[in-house]
Amino acid sequence: MFTLKAGPLPASDVKNIIFFVRPKLELMDIIAENIRREDKGRFTQRDFHILFVPRRSLLCEQRLKDLGVLGSFYHREEYRLNLIPFDGDLLSMESENAFKECYLENDQTTLYHAAKGLTTLQALYGTIPQICGKGECARHVANMMIRMKRELGGSNNQITPVFDTLLLLDRNVDLLTPLATQLTYEGLIDEVYGIQNSNVKLPPEKFAPKKQGESGKDLPTEPKKLLLNSAEELYAEIRDKNFNAVGTVLSKKAKIISAAFEAFFDNLTVEQEFMSGFDTDKVNPYVEDCIAKKDPLIKILRLVCLQSVCNTGLKQKVLDFYKKEILQTYGYEHILTLHNLEKAGLLKAQSGSRNNYPTIRKTLRLWMDDVNEQNPNDISYVYSGYAPLSVRLAQVLVRPGWRSIEEVLKLLPGPQFEERQSLPAGLMKKRQQGENKVMLIFFLGGVTFAEIAALRFLSQLEDGGTEYIIATTKLINGTTWIKSLMEKLEPPPF
């Protein structure tokens, strides 16, 4: 297996070559180059096949035709890989632009694939009797699932359901959580180094042998790639702990992350002020200084968006000030990025005089002053004080139910709903004493490792009564999320 890249194909004596690709036009150009640079004078001719994941694209096939290589393929098929298992309790579609497509471009392709994936899941693990949701996208997915089930002839699945409830949540119901810096061990690794498909690439110098010769010739030069999942016992034990609690388990080993942690301590202080509702309505001096020092743009955008969300929009003059400073410091080509952030609801002017965030914060107990990071008793430990709104919604749904927070749900975007799917007689699960219910929670638009840690914490509670399985369109953090909304406008070359 080789990674797709431009140039000739790697030398190997095989008869069949299969391209396994997402339906993206730029990838078609690379494939065409691979095929055109194939040595025609070979003794044996090779057969080429292409599998589009998760579905075929006429646009891509047309591009291959325009490039003159469509006829080279023996098979052109689709491979319907909708949900990929990342861990025992985690599934992801790894659809990079899902949030942008759904909320900016009104493209529902990802939602269709989500519904398809859930339909497959139901075929394998039984019909899910209860579907709850909040948000426009959630409503669409539920409708498509129900329609797909009907189109299958409504044939009743004879499998006893594994899941009791499916909770569909739009990412834009909780825009705050991904913007904050994750403070679990795994979340911090993701913030500092970035975790891609369960792998992290760490700087080579961190793995240099202790006793170095003067020349430094035996220094590793390639980044070290590590697989991160619960198969590794020590990692499974510490991944979901708050960073400050990891020290006791790891002490010396956590030094690398510790150094990075010191660097964004000021940043954290400002985040925590915003989330606890302190001084969110005026220009923040720390943010102003960061812009003046020309800190990375994504850092600035995360902070400004966080302030906007924690204040239900910024006062017009505050918003204008930030926009002017950003464009003058980083370049006017970023005006489209700012437009995207506004369209997504991350950055906006306050409409009306009311800031709803304090009401939401108090009712859902989103801010806890007395958080216990070492031995947590509440999900707020994952952000050292802030409880992820999305996870709080799941927690309240289980007990005492959403009826208790109806007023707050009205303040959050999109409809809320509940659907029941009928089961054939005798398939309803009879619960044993003390047996947990199982909830599948699907984040449409992305989920962070800190939210996953919070849900795992709830699953492990003695009296929790519910085990959570997590599915999402993409594993995200604030940086990758904001990046997916940025427009790459090249400034003119003069």
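Fair warning: this is a prediction, and the values are worked out from it, not measured in the lab.
Considering all non-hydrogen atoms of both residues, R63 and D29 come closest at NH1-OD1, 2.9 Å. Here the shortest heavy-atom pairing between V192 and F264 reads CG2-CE2, 4.3 Å. The shortest non-hydrogen separation linking K134 to L409 is NZ-O, 2.8 Å. Here the closest heavy-atom approach between residue L169 and residue S390 is recorded as CD1-O, 3.6 Å. Closest approach of N34 to A6, counting heavy atoms only: ND2-C, 4.2 Å. Across all their heavy atoms, A180 and L306 have their closest contact at N-CD1, 4.4 Å.
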Practice task
Check the pair F443, T473 against side-chain contact (heavy atoms from CB on, under 4.5 Å), reporting the backbone distance first and the verdict last.
Solution key: CA-CA 7 Å; F443 290 84; T473 49; over 6 Å; no
Exercise for the section: For V438 and T466, run side-chain contact (heavy atoms from CB on, under 4.5 Å): C-alpha distance rounded to whole Å, both residues' side-chain angles, the deciding distance at 0.1 Å, then the answer. Expected result: CA-CA 6 Å; V438 183; T466 302; over 6 Å; no
Problem - From CA spacing to verdict: side-chain contact (heavy atoms from CB on, under 4.5 Å), N199, L226 - result: CA-CA 6 Å; N199 284 285; L226 296 177; over 6 Å; no
Practice task
Under the side-chain contact (heavy atoms from CB on, under 4.5 Å) rule, what do D240 and E186 come out as? Steps first, then yes or no, please.
Solution key: CA-CA 6 Å; D240 300 321; E186 184 166 43; 4.1 Å; yes
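Counting heavy-atom neighbours within 6.0 Å of L59 CG, excluding the residue itself, gives a total of 12 or less. Environment of NZ in K299: crowded, with over 12 heavy atoms of neighbouring residues, nucleotides or ligands closer than 6.0 Å. Atom CG of L124 is surrounded by more than 12 heavy atoms from other residues, nucleotides or ligands within 6.0 Å. The local environment of CD in E233 is sparse, with at most 12 non-hydrogen atoms from other residues, nucleotides or ligands closer than 6.0 Å. No more than 12 heavy-atom neighbours from other residues, nucleotides or ligands sit within 6.0 angstrom of CZ on R80.
The aromatic rings of Y125 and F163 sit perpendicular to each other, their planes meeting at more than 60°, with 30° as the lower class boundary.
Of the N and O atoms on the side chains of E101 and T110, at least one donor lies less than 3.5 Å from an acceptor on the other residue. Inspection of the N477 and Q182 side chains reveals no N or O donor paired with an N or O acceptor under 3.5 Å. Judged by distance alone, the side chains of S230 and D87 do bring a donor and an acceptor atom under 3.5 Å apart. There is no side-chain donor-acceptor pair under 3.5 Å between Q460 and E467. Side chain to side chain, E418 and Q130 meet the donor-acceptor criterion of an N or O pair below 3.5 Å. Residues T312 and N355 bring a donor and an acceptor atom of their side chains to less than 3.5 Å of each other. Residues T177 and Y386 bring a donor and an acceptor atom of their side chains to less than 3.5 Å of each other. When only modelled atom types and interatomic distance are considered, T448 and E451 share a side-chain donor-acceptor pair under 3.5 Å. Side-chain polar atoms of R302 and T479 form a donor-acceptor pair below 3.5 angstrom. Of the N and O atoms on the side chains of N143 and R147, not one donor lies less than 3.5 Å from an acceptor on the other residue. There is a side-chain donor-acceptor pair under 3.5 Å between N242 and S384.
Ring centers of F52 and F20: at least 6.0 Å apart, outside the cut-off.
Checked for salt-bridge contact, K410 and E407 meet the test: a charged N lies under 4.0 Å from a carboxylate O. A salt bridge links D378 with R392: the closest approach of a Lys/Arg side-chain nitrogen to an acidic carboxylate oxygen falls below 4.0 angstrom. Salt-bridge annotation for K474 and E94: present, with a side-chain N of the basic residue lying under 4.0 Å from a carboxylate O of the acidic one. Between E419 and R139 there is a salt bridge, with a side-chain nitrogen of the basic residue lying less than 4.0 Å from a carboxylate oxygen of the acidic one. Between R56 and E78 no salt bridge is recorded (no basic side-chain N to carboxylate O distance below 4.0 Å).
The only option from E191, E271, Q272 that meets the side-chain hydrogen bond (donor to acceptor under 3.5 Å, both in side chains) definition with T181 turns out to be E271.
S276 contributes atom OG, which lies 7.5 Å from atom CG of D369 (distance to the nearest 0.5 angstrom).
A donor-acceptor pair is defined here as one N or O able to donate and one able to accept, closer than 3.5 Å; no such pair exists between the side chain of S57 and the backbone of P23.
Applying the salt bridge (Lys or Arg N to Asp or Glu O under 4.0 Å) test to every pair with at least one member in residues 105-119, sequence neighbours left out, gives no pairs at all.
Residues forming a salt bridge (Lys or Arg N to Asp or Glu O under 4.0 Å) with D170 (at least two apart in sequence, or on another chain): none.
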